[in-house]
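Everything below concerns the one structure shown next.
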Amino acid sequence: MLFHQLKFLLRFNARQNWLASIIWTLSIVGITVVVAGAFVNLFGSAQERDTMAQTLENPAMVAMVGPVYGIDNYTTGAMMANQMLLFTAIVLGIMSILMITKLTRKQEEEGKFELIRSMPVGRLSSLSSALIVVALVNLIIGLITSIGLILINVESIDVEGSIMYGAVLAVTGLMFTGITAVITQLTETSRGAIGLSIAVLLLAYFVRAIGDVSSEALSLLSPLGLILRTEVYVENIWWPIIVSVVIALVFTVLAFYLHNRRDLGAGLLPSKPGKKEASKLLLSPLGLILRLQRTQIISWLVAMLFLGASYGSVLGDLESFFADNEMFQQLLGDNSEYTMTEQFMTMLMVILSIFATIPMVISFLRVRGEEKKERNDHLLTTGISRYKLLSYYLGVSVVIGAVSLFIALYGLWAAGAAVMDDPIPLKNILKAGMSYVPAMLIILALANLLFAFLPKWTSLVWAYLVFSFFTVYLGGMIDIPEWLANISSFNHIPQIPVEAFTWTPLVVLLVIGLVALITSQFGYRNRDEVG
């Protein structure tokens with residue numbers, strides 16, 4: 001039977017994924033409900049909402065967040081969906097990509113799938129259990145989000161719109177679950193599956209961005225463009241939901257078909273033949289680390305350039321957009337000595353630095369992945385010390401983080417210079433942005449400490465990074481306590497040009513980071529290798 005022992009594998013995968021599922025659910029639902037409540041307090045009058053609608057009609061903003069619906073009567077619900085739905089749906093897509101890859105291709109890559117298949121289980125049971133578990137997580141998040149939005153009891157955030165909001169999130173996750181399930185049949189490695197799936201997600205975003213500005217038909221070709229046609233809290237159109245479910249089912253059936261045709265451990269896409277002679281770069285551990293991360297590094301640098309340029313493209317008209325806008329004044333702080341553009345730049349610097357931290361942490365966490373696969377043992381037997389091995393990963397990570405931030409800042413400056421009458425000098429942008437490197441190093445130091453002393457909990461560093469983003473991006477809107485905000489290292493960097501530059505917090509963070517890094521070196525040296 002193709003689905004023999006499916007119930008057993010469902011329990012097995014659910015136990016392996018329960019903690020990640022809870023964290024994703026609480027994070028997504030919590031942020032969605034908190035932001036919805038914040039919008040109610042910040043935009044109490046129709047005039048304030050109309051001002052925001054005019055801001056979002058700018059082509060650059062349409063490309064970033066999608067088209068604006070319900071302008072004639074721009075309610076809090078319509079504004080909430082317009083500003084939050086797309087990005088929350090993208091988060092669900094990323095979650096689904098990571099989960100389905102972990103439960104399918106990664107298990108196969110690590111040999112767990114071979115062990116499972118050695119037992120009397122159906123050929124399609126493992127894939128089926130993974131798809132069901134991830135689908136249930138998406139559906140639960142959609143359901144709880146709908147209930148949370150209904151319970152906040154806001155007039156314009158009605159029951160039907162809230163149900164549709166949750167349904168949009170769920171079907172987006174289901175679509176990318178199906179797409180990733182197909183991709184895991186094509187590639188041979190989990191790294192390749194995640195990379196190709198994220199590339200599809202980014203392509204869907206860029207196709208939607210171009211289509212929303214210039215062509216409705218083009219936008220409908222993107223899963224992300226399709227879900228925005230629901231016009232949540234405005235018209236509540238259900239046919240995009242139905243089409244999205246059909247798309248998810250088509251990809252799921254295709255994944256089953258491909259899974260049934262391929263061999264265990266193999267991918268359907270032909271592997272690229274290697275060179276006859278290896279590069280001299282591979283003779284050193286540092287060269288090997290760089291070679292293994294080459295594609296990932298290039299992809300992140302391109303993504304950071306586009307991210308910076310997308311923010312820079314809206315700098316030309318910010319003054320007119322921010323005029324009399326209470327939300328941005330509260331978010332940025334009402335400082336009459338500086339223009340709203342300058343104050344907005346301070347928030348951009350933090351956001352870009354946090355995004356630049358992501359590839360830095362991903363690069364470092366490769367050492368944990370290699371350790372779990374027992375590949376570090378091969379390097380350590382060549383005479384390289386643990387100090388050097390960890391130092392190589394640290395050095396590569398620091399360089400990737402700094403270069404990623406520089407690339408993003410350069411993209412911000414280049415795009416801003418093209419649209420601003422009086423562009424901000426590049427050196428000013430670099431001074432304001434690169435000041436956040438010590439705060440980024442604190443994140444890396446935390447990852448090092450976890451890896452050295454609590455290796456099984458190394459991934460908890462992502463929780464701290466998400467917390468930092470939450471305090472930076474939403475802290476001004478929901479007035480979080482100062483002591484709570486100060487837990488984030490990013491909150492201690494002077495916000496240039498609104499605040500005067502001072503070396504003290506940078507030096508303190510650097511000292512803390514260096515002490516943590518040195519401590520982690522001793523911790524890693526003295527602990528056992530963990531598989």
Side-chain angles (χ1 to χ4, degrees), residues 15-24 26-27 98 102 106 110 190 285-286 288-289 292-293 354 356-402 437-471 483-484 486-492 507-531:
R15 284 198 300 268
Q16 284 204 320
N17 221 47
W18 70 269
L19 181 59
S21 301
I22 292 175
I23 292 174
W24 279 108
L26 293 178
S27 301
L98 297 177
K102 176 184 176 182
K106 190 171 184 180
E110 294 177 348
S190 59
L286 178 60
L288 178 62
I289 293 171
L292 292 174
Q293 301 190 38
I354 289 177
T357 307
I358 296 175
M360 180 177 72
V361 174
I362 290 176
S363 175
F364 173 75
L365 291 184
R366 283 296 298 272
V367 68
R368 171 60 181 162
E370 296 298 301
E371 181 182 71
K372 290 172 64 178
K373 297 172 184 176
E374 299 182 355
R375 294 174 181 169
N376 285 345
D377 296 343
H378 301 296
L379 289 175
L380 294 173
T381 56
T382 63
I384 181 177
S385 66
R386 287 192 178 189
Y387 285 130
K388 283 189 176 181
L389 180 62
L390 193 58
S391 297
Y392 284 142
Y393 275 100
L394 282 173
V396 171
S397 303
V398 171
V399 172
I400 290 174
V437 170
M440 297 167 60
L441 291 179
I442 292 296
I443 305 289
L444 184 60
L446 177 60
N448 271 266
L449 288 173
L450 290 171
F451 173 69
F453 295 100
L454 298 169
K456 293 184 178 180
W457 297 92
T458 306
S459 296
L460 281 179
V461 67
W462 293 116
Y464 182 70
L465 187 60
V466 171
F467 168 79
S468 296
F469 180 80
F470 180 81
T471 57
W483 67 267
L484 186 61
N486 286 334
I487 296 176
S488 170
S489 59
F490 294 88
N491 201 52
H492 298 278
V507 172
V508 171
L509 289 176
L510 282 173
V511 170
I512 294 174
L514 288 174
V515 170
L517 293 176
I518 293 172
T519 304
S520 65
Q521 286 276 15
F522 286 105
Y524 178 54
R525 179 192 176 188
N526 294 326
R527 75 165 171 83
D528 295 330
E529 284 287 311
V530 180

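No experiment lies behind these values; they were computed from the predicted model shown.
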So, for [X] and [Y], which heavy atoms are closest and what is the spacing to 0.1 Å?
X	Y	answer
G513	I442	N-CD1, 3.8 Å
Q293	I400	OE1-CD1, 4.1 Å
S363	Y393	O-CD2, 4.0 Å
E371	P455	OE1-CB, 4.4 Å
I487	Y464	O-OH, 2.7 Å
M360	G401	CB-CA, 3.8 Å

Spatial distance of atom [atom1] ([X]) from atom [atom2] ([Y]) [nearest 0.5 Å]:
X	Y	atom1	atom2	value
S27	I22	OG	CD1	11.0 Å
L446	L517	CG	CG	10.5 Å
L394	Q521	CG	CD	6.0 Å
S459	L19	OG	CG	10.0 Å
W457	L450	CH2	CG	10.5 Å
K106	L98	NZ	CG	9.5 Å

Original post:
Under the side chain to side chain contact (heavy atoms under 4.5 Å, CB included) criterion, do F469 and I358 qualify, and how do the steps go?
Top reply: CA-CA 11 Å; F469 180 80; I358 296 175; over 6 Å; no
Given side chains that start at C-beta, do those of [X] and [Y] come closer than 4.5 Å, heavy atoms only?
X	Y	answer
F364	V461	no
L509	F490	no
L390	N448	yes
R366	S397	no

Original post:
Donor-acceptor pair, R386 side chain versus Y524 backbone, under 3.5 Å?
Top reply: yes
**OP:** May I ask you to decide if S468's main-chain N or O and T471's side chain share a donor-acceptor pair within less than 3.5 Å?
**Re:**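 Yes, the answer is positive, given that a donor and an acceptor are paired below the 3.5 Å cut-off.
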Original post:
Aromatic rings Y387 and F522: how do their planes relate, parallel, tilted or perpendicular, breaks at 30° and 60°?
Top reply: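 Perpendicular, since the angle between the ring planes exceeds 60°.
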Subject >> Among I512, V508, V511, L510, the one residue meeting side-chain contact (heavy atoms from CB on, under 4.5 Å) with P438 >> reply: L510
